[in-house]
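Nothing here was measured: the structure is a model prediction, and the numbers come from that model.
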Amino acid sequence: MKRIILSMAIVFGTCAFAQEKKSDTAKTKNIEGITITKQVFKKQSDRFVYDVAASPVAKGNTTFDLLKQTPLLSSTDDKTLKIAGKNNALIYINGRKSNMDSESLAQFLKNTPAENIQKIEVITVPGSEFQVESSDGIINIVLKKKMSDGLSGNMRMSNTTNKYNGSQASFSANYRKGKLGVSANLSGGENIEAQTYTLRNGTAKTSNESTGDIDDPNKNIGGYLNIDYQLNDKSNLALSWNTWANKSYNSTVGLFNTIKKENAEKPEYTWSKNREDARSYNNSVNLNYELKTDSLGSKLNVNAAYLNYRRFQFTDNQTFASDINRGVGERTRQVLQDLPQIINNFSGMVDYIQKFKNDLTISVGGNYNKTKTDNDSKNITYSFDPVEAPNSRPNHFIYDENIYGMYVTVEKKISDKISGKVGARYEITNSLGTSDNAPTDELKRIERNYNNILPYLSFNYAINDKNNISYSFSSRMRRPSFWEINPVRNILTDDNYTQNNPFVKASSTYNQELTYMYKNSYFLILNHSYIQDAITQVPLQGYPVSPDGKVGENPVLRYIRTNFGNKQEMSAMVGIQKSFFKQYWTTNFNIGVQHNINNGSLDTDPTTGDRFRNEDGKDIVYTNKTNSTSLLIQTNNTIRLDKKKTWFFGVNYFFVDKQQIELGLLKGLMSLDLSLKKMWNDWTFAVNVNDVLNTNIVKIEDFQENGNYNYIHQNRYNRSFTVSLTYNFGNQKVKKVRDIEGASDAIKSRTR
């Protein structure tokens, strides 16, 4: 069920200002503490820094809530975080990517108190030293660390109500004794993710409409353990462990289908009743050694990491005859699927940074990632009307991937006003996918070997104390996630399903960004991304025609993962981050435009070779060569209600205008969120109401020149009411935590 939800959710991930595909990589660093008297938002070299430790915004919130209120960051689906003008945001925690799948990461951030955070760094165009893909930016979350010996921490409990009720709880602790520092978190909760769908597709003569509900119950538990030991004045050893488990049993999809066929006297009615049991486990461990080699800050970093991801999914998809009154009749079809996925990754990384007295820094490094995914899928179909022998289609798909990477960057401060950075990555990728029971010979062995040189350039000019301008360029690859290349179907109805594709190849992305900042409060950001062989989800519909010429009896709709032509994304954004009226009102406000240029077409299902015809026997080609320009607005406001700084009122709002995405025209999205917070000694009480106006609902329409149309309406019940209680204990003094890059960082998001 989650794969169905995720596959369909891709559509609103494409809003470039607020949301786009999560790609394939979520990555996370550290969070550290500061005081509100400091400049809370500033531009530093290749990143924006948002200091939040002493800010009232952090008190009583979750890390996810805080990130949504960080300048340049936003979320339209309350699951994924995006950087303005970027394709995806990778999240680092304590200098290491979390290596969690996207669902686990979202739950982890929602269960971690924001009081644990020191600062947030937004890296819009990462340098060559970062292992990132596509136009991904980086959100580097820096966690607090104790300055003196002793223990500190916090506890948080919350309850959220939308269509259903959910609860969460967490416990975090920091301990320091001499050279040893330990931080840990344990969190968990349970909730039911609810959605209501309307899916409509067809032509003027034939159509298929499915309406109904998805209920996905979840139980989560997980956390982290970070241990840092100072061996001597020059070297440190650190061990980090992240873990997360999810259990989602009895997820249900109930869709009522109305099927209109050409020349039929009346529509055909059916029910699709789907049930899923799924559970997943995500564990990653990283060992880091750091050696300072001189007094200027030169250092050696060595990392070794292991990631184990396991997901077990069993689905029971049943179709029943029905009537106009929606009664449930005889069962006509049943499909049982067993879809396990096991991922093992071993990674190593070495970085050396040499600093010179003339403000010159040279960085060199290399990394190695070895990943094996095991997908032993089983699929059996039973037909009862008419009765047919069971159709069994097992498929054991194994994917092996080896990535070798090396980089060099040179950073130079030419004068007090001018600085620059140039670098390049060289990556070698060798992959092999094998299948023991594929429907075609091409699917039994898919081997891809390629290498890429990925240049990077940045330039920064501090015109004076108040004005700063910078430019960055980078080239990146976007490899498909591991679930995208696993050739399985996720069934919605008999004639409507999503199809993964092992033939998806890596895409190339070229990013440019120009930034102007005034007084560290006002900014202008211009972005341009060109994506070649874009990886996306495309709807193919009509009567399928197999390679041997056999025409299907019913029209179908397949949402297929594939490379879909080229795409350009351009954005211009102006914003402000500032406090007014003696810090009674703190605001960040962004407004801009997003321009999308789509240029793609598809006429064949790459996994089966099927082509599609309409009812008149004409071949169908799905095309999207439409451009769109959209208005984008986001504002987050905190209003202090008393002199003692104990009462705060929050008003947050975003609006994304209609824009053309791969699946069609995405209608406008917006959300108004309100909050009230009371601080009393070490306690924080908070009430949040999200999507007050109930306007954050996905609607997509697509009309093709060949007469096909496709419509999606998805209500995710974003309007919610949350009550939370947070208690902080112990010595809250903090100091900057050591940034540690995880060896398996580049693999994490691709487990989504």
(message) What verdict does the side chain to side chain contact (heavy atoms under 4.5 Å, CB included) test give for Lys413 and Thr361, after you've listed the backbone C-alpha separation in whole Å, the side-chain angles of each residue and the deciding distance to 0.1 Å?
(response) CA-CA 9 Å; Lys413 183 178 180 182; Thr361 301; over 6 Å; no

Closer than 3.5 angstrom, by distance alone: can the side chain of [X] be matched with the main-chain N or O of [Y] as a donor-acceptor pair?
X: Asp702; Y: Gly664; value: no
X: Arg476; Y: Pro126; value: yes
X: Asp436; Y: His396; value: yes
X: Asp374; Y: Ile342; value: no
X: Ser475; Y: Leu454; value: no
X: Asn282; Y: Trp244; value: no
X: Asn501; Y: Arg561; value: yes
X: Ser431; Y: Arg448; value: yes
X: Asn527; Y: Ala572; value: no
X: Ser507; Y: Ile535; value: no

(message) Apply side chain to side chain contact (heavy atoms under 4.5 Å, CB included) to residues Asn367 and Asn303 and explain how you reach the verdict.
(response) CA-CA 9 Å; Asn367 65 277; Asn303 286 272; over 6 Å; no

(request) Evaluate side chain to side chain contact (heavy atoms under 4.5 Å, CB included) for Ile661 paired with Asn598, printing each intermediate quantity in order. (result) CA-CA 8 Å; Ile661 62 174; Asn598 302 277; 5.9 Å; no

(request) Check the pair Ser240, Asn242 against side-chain hydrogen bond (donor to acceptor under 3.5 Å, both in side chains), reporting the backbone distance first and the verdict last. (result) CA-CA 7 Å; Ser240 64; Asn242 285 71; 4.9 Å; no

(request) Describe, in one word, how the ring planes of Phe482 and Tyr399 are oriented to each other, choosing from parallel (under 30°), tilted (30 to 60°) and perpendicular (over 60°). (result)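 Because their plane-to-plane angle lies in the 30° to 60° range, the rings of Phe482 and Tyr399 count as tilted.
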
If you compare all heavy atoms of [X] against all heavy atoms of [Y], which two are closest, and at what distance to 0.1 Å?
X: Phe397; Y: Pro502; answer: CZ-CB, 4.0 Å
X: Val125; Y: Phe473; answer: CG1-C, 4.5 Å
X: Ser298; Y: Tyr352; answer: CB-OH, 4.2 Å
X: Ser628; Y: Gln660; answer: OG-N, 2.8 Å
X: Arg489; Y: Leu339; answer: O-CD1, 4.3 Å
X: Asn500; Y: Glu484; answer: CB-O, 3.2 Å

Under a plain distance cut-off of 3.5 Å, with no hydrogens placed, do [Y] and [X] share a side-chain donor-acceptor pair?
X: Asn375; Y: Gln341; value: yes
X: Asn288; Y: Glu290; value: no
X: Ser363; Y: Glu129; value: no
X: Arg310; Y: Asn308; value: yes

(request) For a side chain to side chain donor-acceptor pair (under 3.5 Å) with Ser347, tell me which candidate from Asn369, Asn286, Thr371 qualifies. (result) Asn369

Do [X] and [Y] have side chains that get closer than 4.5 Å, going by heavy atoms?
X: Ile120; Y: Phe48; answer: no
X: Asp338; Y: Phe312; answer: no
X: Leu287; Y: Leu237; answer: yes
X: Pro547; Y: Asp610; answer: yes
X: Asn402; Y: Tyr368; answer: yes

(message) Please evaluate residues Tyr471 and Gln512 with respect to the criterion side-chain hydrogen bond (donor to acceptor under 3.5 Å, both in side chains), reporting the C-alpha separation (whole Å), side-chain torsions for both, the decisive distance (0.1 Å), and the verdict.
(response) CA-CA 8 Å; Tyr471 168 81; Gln512 296 185 81; 2.7 Å; yes

(message) Within the supplied structure, the quantity of interest is the number of heavy atoms (other residues, nucleotides, ligands) at a distance under 6.0 Å from Lys505 NZ; does it exceed 12?
(response)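 For Lys505, atom NZ is not crowded (no more than 12 foreign heavy atoms under 6.0 Å).
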
(request) Could you please spell out the steps behind the side-chain hydrogen bond (donor to acceptor under 3.5 Å, both in side chains) verdict for Gln594 and Asn596? (result) CA-CA 7 Å; Gln594 170 84 29; Asn596 293 346; 2.9 Å; yes

(request) Enter the distance from Lys421:NZ to Asn460:CG here, rounded to the nearest 0.5 Å. (result)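 Here the rounded value is 12.0 Å.
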
(message) Applying side-chain hydrogen bond (donor to acceptor under 3.5 Å, both in side chains) to Asn430 and Tyr404, what does each step give before you reach the verdict?
(response) CA-CA 9 Å; Asn430 300 323; Tyr404 309 84; 4.8 Å; no

